[in-house]
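Letters A, B, ... mirror the listed sequences (proteins, then strands); counts begin at 1. Keep in mind it's a predicted model, so treat the numbers as computed, not measured.
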Amino acid sequence: MNSPVPDWTGDTGALRAEQEALARQVRLRDDFRKPLRTVAGFDVGFEDDGATTRAAAVLLDADSLAVLDQQVARLPTRMPYVPGLLSFRELPALLAALALLPTAPDLALVDGQGIAHPRRLGVAAHFGVISGLPSIGVAKSVLVGAPRMALHDMRGAFTPLRDDREQIGWLLRSKPGCLPLVVSPGHRVAMPSAPELVMRFTTRYRLPEPTRLADRLASRRDPGAGDD
DNA sequence: GCGACAG
DNA sequence: ATCTTGTCGC
């Protein structure tokens, strides 16, 4: 699983072209171990006013949701945030955190978009293609597209997210009274499976456990430990 | 030209 | 993403 991210030269055109090429490698069919044994959540946070990128990876038992391991990788930030090019900024740290886990997960839940992206390569899809792991994007807001219909305020309800006539993901009511999550397949996961898999790992919070725990670790919000 | 815009 | 107290609502 190699393929470094190109250096940031300010040339967004080259990066967009790179995304289009990688998007062709995305596979939207279920292709993961069944039943799932482990699942991992990934998220990124920043330190030193953004100078340091901090990625967190939390490995859980897919059945009990017990935490099996958690890691934090810190790398110097190489690129600024540019809408649509987020993966180039966060991927290096995410891959570093993945490499620190004792074993690769059967499925990865990444904070951000899967294929619900202008060129169908959000950070979760990029992460999946580069690592080769099955992945799903779990974002807290929409980047592109619009919901097809109103969403019921019932736990587990979901409605298609479309860009033109193409379905690129779902709006998922993971918790009543809360804004819906934007769920989209990243790699090796079929469109219909994404919301079902995310709900499988969701307990009493808006975010599914893998991503929720990675969120707290990446944002130094970890109750208990102080650092990695 | 005018907004919109994951984290 | 990050800076931050109190406050509204289930």
Less than 6.0 Å separating the ring centroids of Phe88(A) and His126(A)?
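When the ring centroids of Phe88(A) and His126(A) are compared, they turn out to be within the sub-6.0 Å range.
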If you only use heavy atoms from C-beta on, which nucleotide in dG7(B), dA6(B), dA1(C) is closest to the side chain of Phe46(A)?
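Ranking dG7(B), dA6(B), dA1(C) by closest atom to the Phe46(A) side chain puts dA1(C) first.
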What nucleic acid atoms does [X] come within less than 4.0 Å of, heavy atoms only: base, sugar-phosphate, or nothing?
{"X": "Leu85(A)", "answer": "base"}
{"X": "Gly50(A)", "answer": "nothing"}
{"X": "Gly177(A)", "answer": "nothing"}
{"X": "Val82(A)", "answer": "nothing"}
{"X": "Asp49(A)", "answer": "nothing"}

Do [X] side-chain atoms and [Y] backbone N/O form a donor-acceptor pair below 3.5 Å?
{"X": "Gln113(A)", "Y": "Ile115(A)", "answer": "no"}
{"X": "Arg54(A)", "Y": "Gly45(A)", "answer": "no"}
{"X": "Arg206(A)", "Y": "Lys175(A)", "answer": "no"}
{"X": "Asp106(A)", "Y": "Arg37(A)", "answer": "yes"}

What is the distance, rounded to the nearest whole Å, between atom [atom1] of [X] and atom [atom2] of [N]?
{"X": "Leu217(A)", "N": "dA1(C)", "atom1": "CG", "atom2": "C1'", "result": "16 Å"}
{"X": "Arg212(A)", "N": "dG7(B)", "atom1": "CZ", "atom2": "C1'", "result": "20 Å"}
{"X": "Ile168(A)", "N": "dA6(B)", "atom1": "CD1", "atom2": "C1'", "result": "12 Å"}
{"X": "Asp43(A)", "N": "dA6(B)", "atom1": "CG", "atom2": "C1'", "result": "11 Å"}
{"X": "Glu90(A)", "N": "dA6(B)", "atom1": "CD", "atom2": "C1'", "result": "8 Å"}
{"X": "Arg216(A)", "N": "dA1(C)", "atom1": "CZ", "atom2": "C1'", "result": "18 Å"}
{"X": "Arg89(A)", "N": "dC5(B)", "atom1": "CZ", "atom2": "C1'", "result": "14 Å"}
{"X": "Asp153(A)", "N": "dG9(C)", "atom1": "CG", "atom2": "P", "result": "15 Å"}

Taking all non-hydrogen atoms of both residues, which atom of Ala55(A) and which atom of Leu94(A) are closest, and how far apart?
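Smallest interatomic distance, heavy atoms only, reads CB-N, 3.7 Å.
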Using every non-hydrogen atom in the two residues, find where Asp153(A) and Gly177(A) come nearest and quote the distance to one decimal.
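Answer, listing the atom of Asp153(A) first, then Gly177(A): OD1-N, 2.8 Å.
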Think [X] has a side-chain N or O under 4.0 angstrom from the OP1 or OP2 of [N]?
{"X": "Ser219(A)", "N": "dT2(C)", "answer": "yes"}
{"X": "Ser87(A)", "N": "dA6(B)", "answer": "no"}
{"X": "Lys175(A)", "N": "dC10(C)", "answer": "no"}

Determine if Tyr81(A) stacks with dA1(C); use a centre-to-centre distance below 5.5 Å and an interplanar angle below 30° as the criteria.
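Stack criterion not met.
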Hydrophobic cluster membership, with links at side-chain heavy-atom distances under 4.5 Å among I/L/V/M/F/W/Y: are Ile136(A) and Leu121(A) in one?
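Hydrophobic grouping puts Ile136(A) with Leu121(A).
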Give me the stems containing DNA chain C, sorted by first residue, counting only three or more consecutive Watson-Crick or G-U pairs with both distances under 3.5 Å; say none if there aren't any.
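Correct response: none, since no qualifying run exists.
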